[in-house]
Amino acid sequence: MRRFFTSLAAFLLAASYAFAESAEMKLPAFPVPALVLDGGPPREVSSVRLLRELHRGGLHGFQHFETSDSDYALFRSDSLGKLGAWLESACNSVGFDLLQARKRNYDGTVFARLLDVSTSLAALRDKRLSLAMPVGVLVCQRAEAWGDLPADRAEDAYVVFVTEAGMLIYDPPTRQLTSLGDFPNKATILKIRF
Amino acid sequence: MSLPLLCRLLACCTLLAAWSRAAGAGPEDQFTRSTRLQPNFEALAKSALLTLPAPPAWGGSSAATIWTIDEIKAEFAKITDTPPQVNFVRTQFLRPDHAWMKDFKSWFRTLEKPLKIRFEDQLWDCDNYANCFVAFADLLALKAGDTRGTFCIGWATVFYRRAFAGIRSGAHAVVIVGTNQGLFIIEPQDGTMVALKDFPNRDTIEAVYF
């Protein structure tokens, strides 16, 4: 039953984009992220704590880590489904099938950025929030296979979320999602940027 | 030892092992390399669509070329006395037609009201502005079926010694775009666009992030 309603919702969303076809650009409303709270306000995570998360995930002495802000919010891991749905719907709204994206040239940084921007814009509408959104990009060499992705040593980019469950790595076209600790290409990560 | 006692002992050991595994499992253990994210379309369907003004057509796809990070570094070295440190996550970028970029910049300015963009330290500062700028450019390229990669748009930290676009002095950040006419600086607060060679603080750009 739940699957039926999910499919129906996805169909109605896609149909609304089709009917809304005009010169104007239609996008799904930016996804308001569900954040981990500290009693009342959102829990703050410093860039130093992000480094600690890398250690927790098994990346020690990693030099290629960049942050552009000093304090970040923390996503609730059970809310990532909404972000995934937004990304697929936003791509649908411009006629791009994200699930088929790896059949052509694929650049994961594009989709990590879209998620970063959409959650930041959603948070910007909420005047109580002033923390940077914990969405980053991870670039690595595919030395090991990960689900549908082969071990072909090609360079690839994924989305990184920081959640109460640690850093999670997400590949939008395959919907694969894993903890940094269980990410098979941990040893060949070239860069992580938030 | 009697058989029932041995069975009970074995059952206790099994239970104890299962309990210790469960107690040792952290929240991250629910995400393994075989996990797939289930998109929550129902949550999304509750919100209204966002309508934005008509964007410029991505007619420049034939004029757009690929620029490598080494070419970008060489351009900085040619134009500035002290080339900045260039940080990057990709090694090649889509360099759009200059006329398209100007149209796109004007269109992007019209988004500020419907998107309710306002400066907010950390949550919405120069890097977010640059990211938003490139995210919408990327969306338009996807809309046109161009999947050659991300646009040559980044941001830079600059120490202002000379006034530019209303900013007098001190540390500031600007957007950097590469078009088929070279590198350009965009002031995020008012949209002023100038060629890097004409930017008065080009020699005090500290770091660039693509």
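In what follows, chains carry the letters A, B, and so on, assigned in the order in which the sequence lines appear, proteins first and then strands, with residues in each chain numbered from 1.
Annotation: residues 198-210 of chain B contacts chain A through Tyr209(B), Phe210(B) [non-hydrogen atoms, separation under 4.5 Å]. Residue-level contacts of residues 110-118 of chain A with chain B, in order of numbering, are Val110(A), Phe111(A), Arg113(A), Leu114(A), Asp116(A), Val117(A); threshold 4.5 Å between heavy atoms. Residue-level contacts of residues 177-194 of chain A with chain B, in order of numbering, are Leu177(A), Thr178(A), Ser179(A), Asp182(A), Pro184(A), Lys191(A), Arg193(A); threshold 4.5 Å between heavy atoms. Applying a 4.5 Å heavy-atom cutoff, the residues of residues 52-59 of chain A that approach chain B are Arg56(A).
Interatomic distance, CG of Asp107(A) versus CZ of Phe93(B), reported as 9.0 Å (0.5 Å rounding). Between Arg104(A) atom CZ and Arg148(B) atom CZ the span is 11.5 Å, to the nearest 0.5 Å. A distance of 13.0 Å separates CZ of Phe88(B) from OG1 of Thr109(A), quoted to the nearest 0.5 Å. Separating the CZ atom in Phe30(A) from the CG atom in Leu115(B) is a distance of 5.0 Å, to the nearest 0.5 Å. Atoms CE and CG, from Met25(A) and Leu49(B) in turn, are 12.0 Å apart once rounded to the nearest 0.5 Å. The CD atom of Gln176(A) lies 9.5 Å from the OG1 atom of Thr35(B); values are rounded to the nearest 0.5 Å.
You'll find the side chain of Asp148(A) reaches within 4.5 Å of the side chain of Arg36(B), heavy atoms only.
Counting heavy-atom pairs under 4.5 Å between each of Thr174(A), Asp171(A), Asp71(A), Leu138(A) and chain B puts Asp71(A) at the top. When the candidates Asn128(B), Thr91(B), Thr157(B), Val134(B) are compared by the number of heavy-atom contacts under 4.5 Å with chain A, Val134(B) comes out ahead. Contacts with chain B were tallied for Leu121(A), Leu83(A), Val32(A); Leu121(A) has the most, counting heavy-atom pairs under 4.5 Å. Counting heavy-atom pairs closer than 4.5 Å to chain B, the top residue among Val139(A), Leu80(A), Asn105(A) is Asn105(A). For chain B, the option among Ala101(A), Gly84(A), Ser68(A), Pro31(A) with the highest count of heavy-atom pairs below 4.5 Å is Ser68(A). When Asn131(B), Asp138(B), Leu140(B) are compared by the number of non-hydrogen pairs under 4.5 Å with chain A, Asn131(B) comes out ahead. Chain B forms more heavy-atom pairs under 4.5 Å with one residue of Gly147(A), Gly95(A), Ser120(A), Ser77(A) than with any other, namely Ser120(A).
Both the backbone and the side chain of Ser70(A) come within less than 4.5 Å of a heavy atom of chain B. Contacts of Trp86(A) with chain B are made by both backbone and side-chain atoms, with heavy-atom separations under 4.5 Å. Contact of Arg33(B) with chain A is made through backbone and side chain together, with heavy-atom distances under 4.5 Å. If you measure heavy-atom distances from Pro55(B) to chain A, the contacts under 4.5 Å come from both the backbone and the side chain.
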Stepwise side chain to side chain contact (heavy atoms under 4.5 Å, CB included) check, Val137(A) with Arg90(B): CA-CA 11 Å; Val137(A) 62; Arg90(B) 304 308 280 156; over 6 Å; no
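Between Gln30(B) and Ala165(A) the shortest heavy-atom distance is NE2-CB, 4.5 Å. Of all heavy-atom pairs spanning Leu44(B) and Ser89(A), the tightest one is CD2-OG, 3.3 Å. Pairing each heavy atom of Ala29(A) with each of Ala48(B), the nearest pair is CB-O, 3.2 Å. Summarising the geometry of Glu24(A) relative to Thr51(B), their closest heavy-atom pair is OE1-CG2, 3.3 Å, with the distance given to 0.1 Å.
Open room surrounds CZ on Arg162(B); 12 or fewer heavy atoms of other groups in view lie less than 6.0 Å from it.
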